[in-house]
Amino acid sequence: MRSLDTLIVGAGAAGMMCAVEAGRRGRRVLVIDHASAPGEKIRISGGGRCNFTNLGVGPQAFLGENPRFATSALRRFTQQDFIKRVDAAGIAWHEKTLGQLFCDGSAKQIVRMLTDDMAAAGVELRLGVGVQTLEVEGDGFRVRLSDGSRITAASLVVASGGKSIPKMGATGWAYETARRFDLRVTETRPALVPLTFEPGLLAETAPLAGLSVDAVVGHGKTRFREGLLFTHRGVSGPSILQISSYWREGQAITLSMAPDVDVFETLRAARAENGRQAAAAALGHITPRRLADAVLARLKIGGNLGDLSDKALRAVDQAVNNWTLKPVGSEGYRTAEVTLGGIDTAALDQKTMAVRDRPNLFFIGEAVDVTGWLGGYNFQWAWSSGWAAGQTC
């Protein structure tokens with residue numbers, strides 16, 4: 001029976017960050033993961049360049065039953081703190097839009113930075129191994145691993161993530177473990193995920209498949225302005241992924257696909273200048289022609305601008321910049337970037353990420369009911385929550 005100070009289940013962003021911090025405190029740390037390689041979500045993120053944080057990280061960018069729970073960890077280990085580590089590792093990076101930071105090279109550099117830091121801190125990493133049995137033993141834990149080995153650990157850190165992208169090995173193990181210790185798990189659902197249409201609406205938008213536009217997508221009072229992509233299943237793109245965290249089945253979203261243009265006034269001016277101009281051509285100066293054709297077809301409007309009344313032009317304006325529609329679902333965990341919901345933060349200490357009634361049991365990262373916007377926010381939550389737990393576990 002091997003004795004450890006800290007067992008961390010999950011070699012993702014949060015787990016490895018926690019391991020580095022615990023190892024640097026002199027703790028005997030073992031990190032296990034049933035995957036064959038560490039940091040797989042890091043590796044595939046950002047198109048292989050890893051959107052590792054965001055300059056605008058703050059509590060406003062997080063969802064959950066208590067989104068301000070994340071504030072303590074985010075303030076104690078900030079995006080600037082992580083950037084310093086990236087710089088120290090010699091990893092070149094750049095800022096894209098909206099404060100998003102990406103590696104100039106491969107996302108594997110971030111994985112290597114973390115595994116190198118773990119090795120330097122004396123942390124052991126074992127891959128292709130999972131937890132077979134878990135028992136409480138005194139003030140600690142007795143664990144049997146899937147390879148048959150047995151260990152005891154004074155502290156257990158659950159960093160095994162949520163349900164998103166099951167083909168990469170995602171499971172609900174963190175939630176099962178939480179329930180075993182009588183911890184509440186809030187409703188979980190796919191987040192940062194494409195939305196799907198019912199057959200009728202899908203047939204209507206089929207000619208737009210593959211078309212991308214700059215758009216403002218809204219749900220209630222929430223708005224995101226980023227790219228919108230029509231697909232053969234529905235809609236995707238950054239703006240849709242963002243709004244998917246707020247949307248629920250049966251609810252509508254609103255698309256504004258020429259957000260900087262007063263379509264009615266622009267078309268009315270074009271009509272006054274040249275009433276013989278085709279309506280599709282005029283609208284095609286405002287939106288991509290494929291979108292213009294689809295909008296007019298949906299409204300059953302054709303002919304020249306001079307043939308169209310103000311009422312018709314206002315209908316076009318509404319169809320372009322206030323199109324309200326109801327998706328029927330999402331593409332699910334298969335393509336969701338993260339899981340919304342998770343271990344109820346009411347049971348956790350916001351400074352340490354430990355269970356309040358069991359201070360040697362920790363939950364960090366995506367497993368917790370803290371979900372960030374698209375754009376590096378969820379990675380920063382992983383770094384910050386991992387760091388926080390690593391100071392104590």
Side-chain angles (χ1 to χ4, degrees), residues 12-14 17-18 21 41-42 45-46 49-87 93-103 110 159 161-162 164 186 189 191-193 216-227 237-247 336-346 348-353 362-391:
M17 188 70 182
C18 179
E21 294 303 303
K41 272 197 172 181
I42 299 174
S45 68
R49 293 184 183 273
C50 188
N51 179 192
F52 57 83
T53 193
N54 193 294
L55 296 176
V57 166
Q60 80 288 346
F62 293 86
L63 296 81
E65 289 191 356
N66 177 18
R68 298 201 64 84
F69 172 86
T71 302
S72 176
L74 293 171
R75 285 181 176 171
R76 293 167 65 216
F77 187 83
T78 69
Q79 58 270 46
Q80 295 299 333
D81 291 322
F82 191 75
I83 291 168
K84 288 177 183 177
R85 297 198 180 192
V86 172
D87 289 340
W93 53 271
H94 61 278
E95 179 184 353
K96 284 192 176 180
T97 58
L98 305 175
Q100 301 168 21
L101 303 190
F102 290 78
C103 298
I110 300 292
S164 61
T186 68
R189 56 184 291 119
L192 303 183
V193 63
V216 174
V217 178
H219 174 270
K221 296 181 180 180
T222 304
R223 298 283 185 276
F224 290 100
R225 180 170 182 169
E226 293 188 66
S239 60
I240 294 296
L241 300 190
Q242 295 279 38
I243 212 69
S244 71
S245 296
Y246 297 82
W247 172 85
E337 296 203 11
V338 293
T339 302
L340 186 69
I343 286 84
D344 185 359
T345 57
L348 306 180
D349 185 304
Q350 63 180 346
K351 292 184 178 180
T352 67
M353 303 303 299
F362 302 76
F363 291 88
I364 59 176
E366 189 182 346
V368 178
D369 181 24
V370 175
T371 304
W373 290 347
L374 182 72
Y377 297 95
N378 288 292
F379 272 130
Q380 186 59 47
W381 169 242
W383 314 135
S384 297
S385 61
W387 181 92
Q391 307 310 305

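Residue indices begin at 1 and follow the sequence shown.
- With Ser239 contributing its side chain and Gly227 its backbone, the two residues share a donor-acceptor pair below 3.5 Å.
- A distance of 7.5 Å separates CD1 of Ile243 from CZ of Arg223, quoted to the nearest 0.5 Å.
- Side chains of Cys18 and Phe362 form no contact here, defined as non-hydrogen atoms less than 4.5 Å apart.
- Judged purely by atom type and a 3.5 angstrom limit, Ser384 has no side-chain atom pairing as donor or acceptor with the backbone of Arg75.
- Residues Gly341 and Thr371 share a closest heavy-atom pair of N-OG1, 3.8 Å.
- Side-chain N or O atoms of Asn378 include one that pairs as donor or acceptor with a backbone N or O of Gly372 at under 3.5 Å.
- The side-chain heavy atoms of Glu337 and Val193, taken from C-beta on, include no pair separated by under 4.5 Å.
- Residues Tyr246 and Lys221 have side chains not in contact (no heavy-atom distance under 4.5 Å, counting atoms from C-beta outward).
- From His94, atom NE2 reaches atom CG of Leu101 across 9.0 Å, with rounding to the nearest 0.5 Å.
- A donor-acceptor pair under 3.5 Å is absent between the side-chain atoms of Asn51 and the main chain of Gln100, judged by distance alone.
- Each of Val86, Asp81, Ile83 was checked for a side chain to side chain contact (heavy atoms under 4.5 Å, CB included) with Thr53, and the lone residue meeting it is Ile83.
- Taking the six-membered ring where the residue is Trp, Tyr377 and Phe62 present perpendicular rings, their angle passing 60° and hence far from 30°.
- Residues Ala14 and Gly365 share a closest heavy-atom pair of CB-CA, 3.8 Å.
- Summarising the geometry, atom CZ belonging to Arg68 is positioned 8.5 Å from atom CG belonging to Asn66; distances are rounded to the nearest 0.5 Å.
- Looking at heavy atoms from C-beta onward, Ile240 lies out of side-chain contact with Glu226 at the 4.5 angstrom threshold.
- Residues Glu366 and Trp381 fail the side-chain proximity criterion, which asks for heavy atoms closer than 4.5 Å.
- In this structure the side chain of Met17 never reaches within 4.5 angstrom of the side chain of Ile364, judged on heavy atoms.
- When side chains are defined from C-beta on, Ile110 counts as touching Cys103, because their heavy atoms get closer than 4.5 Å.
- The aromatic rings of Phe77 and Phe82 lie perpendicular to each other, with more than 60° between the two planes, well past the 30° mark.
- When atom types are taken as modelled, the side chain of Gln242 and the backbone of Leu374 share a donor-acceptor pair closer than 3.5 angstrom.
- For CZ of Arg76, the number of neighbouring non-hydrogen atoms (other residues, nucleotides, ligands) closer than 6.0 Å is greater than 12.
- Here the closest heavy-atom approach between residue Val57 and residue Gln79 is recorded as N-NE2, 3.4 Å.
- Between the side chain of Ser244 and the backbone N or O of Ala191, no donor-acceptor pair lies under 3.5 Å.
- The pair Glu21-Arg85 meets the salt-bridge criterion, since a charged nitrogen lies less than 4.0 angstrom from a carboxylate oxygen.
- When all heavy atoms are compared, the tightest approach of Leu348 to Met353 is CD2-O, 4.2 Å.
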Gln380 vs Leu74, side chain to side chain contact (heavy atoms under 4.5 Å, CB included): CA-CA, chis, key distance, verdict: CA-CA 8 Å; Gln380 186 59 47; Leu74 293 171; 4.1 Å; yes
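- Across Ser45 and Ile42, no two heavy atoms sit closer than the pair OG-O, 2.9 Å.
- Remark: Phe224 CZ to His219 NE2 distance equals 11.5 Å, nearest 0.5 Å.
- Remark: side-chain polar atoms of Asp369 are not paired, donor with acceptor, to backbone N or O of Ile343 under 3.5 angstrom.
- Counting only heavy atoms from C-beta outward, the side chains of Asp87 and Trp93 approach each other to under 4.5 Å.
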